[in-house]
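So that the names make sense, note that chain A is the first sequence line, chain B the second, and so on, each numbered from 1. All of these numbers come straight from a predicted model, not from anything done at the bench.
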Number of protein chains: 2
Amino acid sequence: METKIPISVDCVIFGFDDKELKVLLIKRSQPPFQNCWALPGDRLRIDEDLRHAANNVLDRLTGVRDIYLEQLFVFGRLDRHPSDRVVTIAYYALVNISENEPKPSSFASRAEWIRISKIGDLAYDHRKILDKALRRLRRRFRGRPVGFELLPEKFTLSQLRRLYEAVLDQPLDKRNFRRKMLKMDFLLPLEEKQKDVAHKAARFYSFNRERYEELAAQGIRFEF
Amino acid sequence: METKIPISVDCVIFGFDDKELKVLLIKRSQPPFQNCWALPGDRLRIDEDLRHAANNVLDRLTGVRDIYLEQLFVFGRLDRHPSDRVVTIAYYALVNISENEPKPSSFASRAEWIRISKIGDLAYDHRKILDKALRRLRRRFRGRPVGFELLPEKFTLSQLRRLYEAVLDQPLDKRNFRRKMLKMDFLLPLEEKQKDVAHKAARFYSFNRERYEELAAQGIRFEF
DNA sequence: GCAAAAGTGTTGGTTGTACACCCATGA
DNA sequence: TCATGGGTGTACAACCAACACTTTTGC
């Protein structure tokens with residue numbers, strides 16, 4: 001009985017443009033699913049480490065590189081691929097859109113940031129993979145402070161709040177949000193403020209990752 | 001470039017004997033890692049669905065069958081197998097020890113429930129897999145009411161508390177635990193009480209899964 | 001001066017935590 | 001009658017949700 005099976009990796013890359021949550025998709029230039037939108041993904045080679053493979057695939061198809069990919073789930077239904085049996089390992093990541101301009105290549109004729117709300121069906125079972133990634137993302141946002149990867153280095157508390165509102169898909173009270181976040185004590189207030197805005201300039205903050213790790217190591221729980 | 005890769009499935013099966021958390025292990029009768037303890041696991045066949053494969057493997061090696069296995073993680077380091085490259089998909093489950101007496105067969109010379117605290121190193125990277133499963137188990141126990149699978153159908157609140165104490169590895173206040181659990185309103189108090197115990201007989205409860213699903217569907221969060 | 005977003009406190013209700021004694025039972 | 005675990009209540013602290021006005025800025 002055959003026990004060697006093709007494995008692929010697929011990447012769900014989330015970005016945020018200060019208003020909406022987006023995902024990095026490619027348009028396939030080849031069958032199967034020619035001209036369909038799909039998650040960037042390709043076969044795993046036998047000498048590739050899994051996470052490296054995911055990074056390589058992503059780079060090959062979209063030019064996005066060197067990001068931290070986290071394993072999401074394995075999808076292995078017998079019928080998930082139209083011809084072969086292919087087991088796919090899905091990875092996901094959060095990145096800053098403005099620092100990751102996609103450039104299509106290989107079998108991707110296009111590679112673009114697409115708004116979540118505009119995404120319909122995708123190639124293979126990629127829509128299911130995306131939905132799973134979205135559920136995971138929401139759970140993560142409630143359970144601990146993530147998502148700083150989706151923002152620029154310096155951000156205002158309103159930007160951070162809008163991100164949470166976009167991901168959790170619900171409005172959040174400005175004052176309570178601010179208090180809760182600042183109490184956690186891993187946001188570093190900067191001297192710098194917004195400029196050229198038609199309203200009171202907001203203070204910038206940066207995420208103090210070291211402080212966060214320190215607190216997390218002490219077992220502190222950051223519920224949201 | 002070769003892109004077909006052997007895949008295996010490994011199962012981390014947790015049980016609880018009213019005192020300690022245990023895991024179902026096999027002793028391998030074949031190389032590699034002959035005579036080492038290992039998680040029950042074997043190759044995935046090309047026509048097997050993933051979860052079925054995990055159930056089949058578990059049944060073949062230990063006789064434990066028809067349990068709900070949840071996907072844990074994929075382990076795919078290039079060096080995790082001494083000769084080939086094998087990517088493994090780990091599954092985990094919680095079962096009631098007294099209803100799942102292991103019977104070794106196939107390449108398992110033994111199949112036993114082993115106390116977590118007694119487990120040293122295991123074959124392959126199985127120790128790492130076990131550690132990951134333990135971390136997941138603890139997180140699950142905090143985040144929602146799980147673990148009823150580890151108990152008999154009817155159980156006392158003390159049994160439930162001892163389970164939580166064993167998994168979370170910390171003592172819990174009797175009164176607070178009781179209040180918190182009962183407030184969640186998915187434990188069904190039964191008329192039946194303990195018998196032949198040298199102290200006041202405790203009331204039995206059962207887990208009202210329907211009520212739980214109903215509450216969960218309403219978006220109620222059960223933090224512990 | 002107006003539109004737009006920033007920033008700021010208080011209150012009432014809920015929840016979590018710490019803690020100690022009496023009860024029922026079998027040996 | 002003693003040892004064992006079952007079962008119960010309260011008080012204080014911490015946390016959360018709801019809510020409105022003043023400030024700064026560019027146009």
* Asked: Can you find a donor-acceptor pair, distance only, under 3.5 Å between K174(B) side chain and dG5(D) base?
  -> no
Gap between atoms [atom1] and [atom2], on [X] and [N] respectively (whole Å):
X	N	atom1	atom2	value
F177(B)	dG5(D)	CZ	P	17 Å
R178(B)	dA20(C)	CZ	P	19 Å
M184(A)	dC15(D)	CE	P	11 Å
Q170(B)	dG16(C)	CD	P	15 Å
Q194(B)	dT25(C)	CD	P	11 Å
D196(A)	dT24(D)	CG	C1'	14 Å
K195(A)	dA6(C)	NZ	P	18 Å
L172(B)	dT17(C)	CG	C1'	12 Å

* Say whether, by atom type as modelled, one donor and one acceptor occur between the side chain of T88(B) and the main chain of S8(B) under 3.5 angstrom. => yes
* Asked: Does E149(A) reach the side chain of V95(A), with side-chain heavy atoms less than 4.5 Å apart?
  -> no
* Asked: Aromatic rings F148(A) and F155(A): how do their planes relate, parallel, tilted or perpendicular, breaks at 30° and 60°?
  ->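 Geometry flag for F155(A) against F148(A): tilted rings.
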* To do: Nearest 0.5 Å please: distance from the CG atom of L24(A) over to the CD atom of E112(A).
  => 9.5 Å
* To do: Could you grab the distance from atom CZ of R77(B) to atom CG of L50(A), nearest 0.5 Å is fine?
  => 11.0 Å
* Which heavy atom of V146(B) sits nearest a heavy atom of Y164(B), and at what distance? ->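 Smallest interatomic distance, heavy atoms only, reads O-OH, 3.6 Å.
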* Structure fact -> Note: F16(B) and E20(B) closest approach over all heavy atoms is CD1-O, 3.4 Å
Could you check whether [X] pairs with [Y] (Lys NZ or Arg NE/NH1/NH2 to Asp/Glu carboxylate O, under 4.0 Å)?
X	Y	result
E214(B)	R209(B)	no
R127(A)	D131(A)	yes
R162(B)	E165(B)	no

Kindly give the atom pairs (protein nitrogen or oxygen, nucleotide nitrogen or oxygen) under 3.5 Å for nucleotides 16-18 of chain D.
residue	atom	partner	partner atom	Å
dA18(D)	N7	N176(A)	ND2	3.0
dA18(D)	N6	N176(A)	OD1	3.2
dA18(D)	N6	R179(A)	NH2	3.4

* Asked: Between dG6(D) and S158(B), is there an OP1 or OP2 to side-chain N/O distance shorter than 4.0 Å?
  ->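 Result: yes.
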* Asked: Is the phosphate of dG6(D), meaning OP1 or OP2, less than 4.0 Å from a side-chain N or O of R203(B)?
  -> no
* DNA chain C-proximal residues of residues 185-192 of chain A, any heavy atom under 4.0 Å -> none
* To do: Begin with the C-alpha distance, continue with both residues' side-chain angles, and end with the deciding distance and a verdict on salt bridge (charged side-chain N to carboxylate O under 4.0 Å, His left out) for E70(B) and R140(B).
  => CA-CA 12 Å; E70(B) 195 167 320; R140(B) 283 290 152 91; 2.5 Å; yes
Report all interatomic pairs (protein N or O, nucleotide N or O of nucleotides 22-24 of chain C) with separations under 3.5 Å.
residue	atom	partner	partner atom	Å
dA24(C)	N3	K200(B)	N	2.9

